[in-house]
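Please read all numbers here as calculations on a predicted model, not as lab measurements.
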Amino acid sequence: MEYVFFIILGALISVLSGFFGVGGGFILTPTLMLFGFSPVEAITTSLLFSIGTALSGIFAHIRLKNIKLKQGLILGLSGMAATQAAHPFVLFLENKGWDTWAVPVFYIILLSYFALSMLKRREKSANAVHSSEHSPSILKMVLIGFFAGFVSTTLGVGGGFIMVPLSVAYLGLMPKNAVGTSLFAVMLIVSAGFLSYVSTVSIDYWIGLSLVGGGLIGSQFGAKLTSYFENEEITYMLGALYMATVASVILKLIHLNYAGLVLMAIFVGGFLVRSLVKMQKAKARIKAKRERP
């Protein structure tokens, strides 16, 4: 039953991963810590999970033509280089005994910043249509990729939760293209990050594979859901997801683990209900068009 639970957990998180292009790790890492995993174990397991969800989501976004290959390669290769610098940093934190508070604090700072950034950009997202027509700066892509890769290996996340908002804000990508391109870069980054940890960190691979198994199911569905939402809605909902995750990490720090889990469950439930309503409305419109004489 434990592994069935992790399969379901992996499926739910990967729906969000495929929809938002965030790899799923930034949700899974704090969730695993809520369940009692040590920070380093949670990071390594989340990186393994992110490999599976990113690969699955990439195939879905290829069909939707959401991936900018050049940008994805530059972001991903820059991020892979950063993972080699981040791994010793995390081991240093663990040896000092600082990882139990440093990792959650990093989450709170970064997610709060990006949540506010995405919520503020909700009304400005239409401007990205014009800027996306221009080729983004290679230097900007390298810096964003390196930063995302460093944070990915430090926090056990895909790095997509950083790349998506920064790609929209500074590279001029439309949110749907930012999601697909981010997943491609995430796959490169988390593979390098996981390999840097696996030689020194022992994890339960059955739990990891159970999460990946569920993730392979959910990420396809999540990617498909992007076609039912406007770019502005995706931007706003990503900001709301960041805020919910921040709140759950804060609750973890004050030893209210179950409250944090309930909060994340409420957000995921609300997201799934809204998505199902959108799908039903879309099907109803298609049916109405077919029935017109």
Side-chain angles (χ1 to χ4, degrees), residues 3-32 34-35 45-64 66-67 111 115 118 156-161 163-164 175-176 178-184 186-187 190 207-231 233-245 248 260-283:
Y3 296 127
V4 172
F5 168 78
F6 282 109
I7 290 173
I8 296 171
L9 178 64
L12 290 174
I13 292 177
S14 65
V15 170
L16 300 177
S17 166
F19 184 84
F20 292 114
V22 292
F26 88 93
I27 307 169
L28 181 59
T29 299
T31 301
L32 291 178
L34 289 173
F35 283 119
T45 304
S46 292
L47 288 172
L48 175 60
F49 169 76
S50 294
I51 293 173
T53 56
L55 280 172
S56 180
I58 283 169
F59 291 118
H61 281 285
I62 287 175
R63 292 196 298 269
L64 296 169
N66 286 341
I67 297 177
L111 288 177
M118 296 302 285
V157 300
F161 83 92
M163 275 189 285
V164 171
K176 290 182 182 180
V179 166
T181 303
S182 167
L183 272 180
F184 179 75
V186 161
M187 185 267 294
V190 295
I207 289 178
L209 292 175
S210 297
L211 289 165
V212 171
L216 294 176
I217 301 169
S219 56
Q220 296 288 321
F221 180 65
K224 183 178 178 181
L225 286 178
T226 60
S227 61
Y228 297 104
F229 288 82
E230 298 295 329
N231 283 298
E233 291 178 289
I234 295 175
T235 301
Y236 174 74
M237 291 171 67
L238 181 57
L241 174 59
Y242 289 170
M243 291 303 294
T245 308
S248 71
L261 290 172
V262 169
L263 179 62
M264 290 303 298
I266 290 172
F267 178 88
V268 173
F271 168 78
L272 292 175
V273 169
R274 184 172 184 177
S275 299
L276 291 173
V277 170
K278 286 275 188 180
M279 291 176 64
Q280 291 301 319
K281 287 182 178 179
K283 290 178 180 179

Original post:
Hey, what's the ring geometry for Phe229 with Phe19, parallel, tilted or perpendicular (30° and 60° as the breaks)?
Top reply: perpendicular
Original post:
Can you tell me how far the CZ atom of Phe184 sits from the OG1 atom of Thr181, to the nearest 0.5 Å?
Top reply: 9.0 Å
Original post:
Is Thr45 close to Phe6 at the side-chain level, that is, under 4.5 Å between some pair of heavy atoms?
Top reply: no
Original post:
Which heavy atom of Val190 sits nearest a heavy atom of Ile51, and at what distance?
Top reply: CG2-CG1, 3.5 Å
Original post:
Is there side-chain contact between Phe271 and Val15, with at least one heavy-atom pair below 4.5 Å?
Top reply: yes
**OP:** Indicate the atoms forming the closest heavy-atom contact of Gly208 with Leu48, along with that distance.
**Re:** CA-CD2, 4.0 Å
Subject >> Closest non-hydrogen atom pair, Ala244 against Leu263 >> reply: O-CD2, 3.6 Å
Original post:
Considering only heavy atoms from C-beta outward, does the side chain of Leu16 approach that of Leu12 to under 4.5 Å?
Top reply: no
**OP:** Please report the shortest heavy-atom distance between Phe49 and Leu211, naming the atom on each side.
**Re:** CE1-O, 3.3 Å
Original post:
Which distance, rounded to the nearest 0.5 Å, do you find between the OG1 of Thr31 and the CD1 of Ile13?
Top reply: 5.0 Å
Original post:
OH of Tyr228 to CD of Gln280: how many Å apart, nearest 0.5 Å?
Top reply: 9.0 Å
Subject >> Distance in Å, Leu225 CG paired with Phe221 CZ, rounded so as to fall on 0.5 Å steps >> reply: 4.0 Å
Original post:
Are the side chain of Ser14 and the backbone of Ala11 linked by a donor-acceptor contact shorter than 3.5 Å?
Top reply: yes
Subject >> side-chain hydrogen bond (donor to acceptor under 3.5 Å, both in side chains) partners for Lys281, two or more places apart >> reply: none
**OP:** Indicate the atoms forming the closest heavy-atom contact of Ile58 with Ile67, along with that distance.
**Re:** O-CD1, 3.8 Å
